[in-house]
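Nothing here was measured: the structure is a model prediction, and the numbers come from that model. Sequential numbering from 1 along the given sequence is applied to the chain's residues.
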Amino acid sequence: MAKALNVNPNRMELSRLKRQLVVAKRGHKLLKDKQDALVKEFLVRARATYELRLSVEKELSECYGGFLLARAQTLPQILEQTLMAASGDLRVDVEYRNIMSVRVPEYALPEQHSELNYGLAASPGSLDVALEKFLDVMPKLVRLAAEEKAVRAMALEIERTRRRVNALEHVMIPSFSEAIRSISMKLDEMERSTLSRLMVIKEIVRNH
C-alpha cells in the first residue's frame, strides 16, 4: 500500500506532484530497460563463464594427474627440490571497462618468459608435461578469474537496480498518484463548495 504524502492541497502542489510523477515514471522505464539489458547480458556471460570453468577444470585435472604420476615416479625430496628450482616471471595486466554502469575487469597475461630450471635427468618426463600443461592453462585461468568477477559485479548491479525499480514502482509512483488524486478531489470539493456559496449569495442579492 502506498504511503500517503503530507502535502498542501493547492494547485501549485498539484502541478509539482504531476511533474514529479512524470519524472518518476520516466526513471522507472529507464531503470527497467537497464535491468532487462543487464539480465540479458548477465545470462550470456554466466553461461560462457560456466563453460570456460568446465574447460579450465578439465585441463587442471589433467595437470594434477601429471603431477600425481610424477610423484609416484620420484622420491618426495627430489620432487620438492625440482619444483622449487622451476622459475618464471608471471605478470597479469589489468584493465577495466564499463558495461551499463558496471565496472568489470579484464585480466591478460602478456607475452613473458617462463623457465623450468631443473635437472631433466633427475625428473620424470611426466613432470615436464604436467608443468608445460599448467603454463598453457594459465591464460585461461586468468581469464576465468576476470569473467567470474565480472559476473558477480553484474549480479550486484542487477540487485541494486531491481531495488530501485521496485521502490519507484511500489512506493514512489503510487504515492505521487494517490497524492494527486487526493488533492484533485479536495480541489474539486472546494470548487463545488465555492460555487454553491456564490449561488447562494447571488440568490440573496437577487431577492433583495
Side-chain angles (χ1 to χ4, degrees), residues 23-72 76 79-118 123 126-173:
V23 172
K25 286 183 175 180
R26 187 182 300 126
H28 176 268
K29 183 181 185 307
L30 291 173
L31 285 173
K32 191 71 169 60
D33 290 345
K34 174 186 175 181
Q35 177 182 297
D36 294 342
L38 273 172
V39 169
K40 184 177 179 179
E41 178 69 17
F42 172 82
L43 292 174
V44 172
R45 278 182 169 263
R47 190 176 298 112
T49 301
Y50 174 72
E51 292 173 356
L52 178 60
R53 169 169 278 280
L54 291 180
S55 175
V56 169
E57 287 179 347
K58 181 180 178 181
E59 293 186 42
L60 285 176
S61 178
E62 293 174 358
C63 293
Y64 295 146
F67 284 130
L68 289 174
L69 181 59
R71 187 173 69 176
L79 182 61
E80 183 177 350
Q81 292 174 2
T82 301
L83 291 175
M84 289 179 66
S87 66
D89 180 23
L90 294 178
R91 303 182 312 279
V92 177
D93 289 339
V94 182
E95 293 183 356
Y96 290 90
R97 63 191 183 98
N98 203 296
I99 300 178
M100 288 173 284
S101 302
V102 182
R103 192 166 179 257
V104 300
E106 289 186 343
Y107 303 152
L109 285 175
E111 187 174 349
Q112 48 204 314
H113 182 60
S114 299
E115 297 179 349
L116 303 179
N117 296 328
Y118 51 79
S123 65
S126 55
L127 179 60
D128 303 340
V129 173
L131 288 174
E132 288 290 348
K133 283 184 176 181
F134 185 73
L135 291 175
D136 289 341
V137 80
M138 279 298 292
K140 274 189 177 181
L141 194 59
V142 169
R143 184 158 64 91
L144 176 62
E147 290 297 328
E148 290 190 336
K149 190 172 181 63
V151 167
R152 286 195 295 271
M154 293 183 74
L156 289 174
E157 184 63 22
I158 288 171
E159 179 59 25
R160 281 194 291 265
T161 304
R162 186 189 65 80
R163 287 198 296 266
R164 293 171 67 188
V165 168
N166 286 343
L168 284 168
E169 184 174 338
H170 301 294
V171 180
M172 294 186 68
I173 290 176

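- Here the options are Arg152, Arg97, Lys149, the test is side-chain contact (heavy atoms from CB on, under 4.5 Å), and the partner is Val104; only Arg97 passes.
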### Query
Going through the checks in order, is the side chain to side chain contact (heavy atoms under 4.5 Å, CB included) test met by Gln35 and Leu31?
CA-CA 6 Å; Gln35 177 182 297; Leu31 285 173; over 6 Å; no
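- Between Glu147 and Arg143, no side-chain nitrogen of the basic residue sits less than 4.0 Å from a carboxylate oxygen of the acidic one, so the salt-bridge criterion is not met.
- Counting only heavy atoms from C-beta outward, the side chains of Arg164 and Leu168 never approach each other to under 4.5 Å.
- In terms of modelled atom types and a separation under 3.5 Å, the side chain of Thr161 and the main chain of Glu157 share a donor-acceptor contact.
- Shown here for Tyr96 and Arg103, the closest heavy-atom pair between the two residues is CD1-NH2, 3.4 Å.
- In this structure, the separation between CG on Leu144 and CG on Leu54 is 10.0 Å, given to the nearest 0.5 Å.
- Looking only at side-chain heavy atoms (C-beta outward), Lys133 and Glu59 stay at 4.5 Å or farther from each other.
- Taking every heavy atom of both residues into account, Phe134 and Cys63 meet most closely at N-SG, 3.4 Å.
- Closest approach of Lys140 to Ser55, counting heavy atoms only: NZ-OG, 3.0 Å.
- Ion pairing of Glu148 with Arg53 is present here, as a side-chain N (NZ or NE/NH1/NH2) and a carboxylate O approach within less than 4.0 Å.
- To the nearest 0.5 Å, atoms CG (Leu38) and CZ (Arg160) are separated by 10.0 Å.
- No side-chain heavy atom of Glu57 sits under 4.5 Å from any side-chain heavy atom of Leu60.
- Put simply, the side chain of Val165 reaches to within 4.5 Å of the side chain of His28, judged on heavy atoms.
- Between Asp33 and Lys29 a salt bridge is recorded (basic side-chain N to carboxylate O distance below 4.0 Å).
- Of all the heavy atoms in Met100 and Ala37, the pair that sits closest is SD-CB, 3.5 Å.
- Arg163 and Glu159 are joined by a salt bridge, as a carboxylate oxygen and a charged side-chain nitrogen come within less than 4.0 angstrom of each other.
- The structure places CG of Asn166 at 9.5 Å from NZ of Lys32, a figure rounded to the nearest 0.5 Å.
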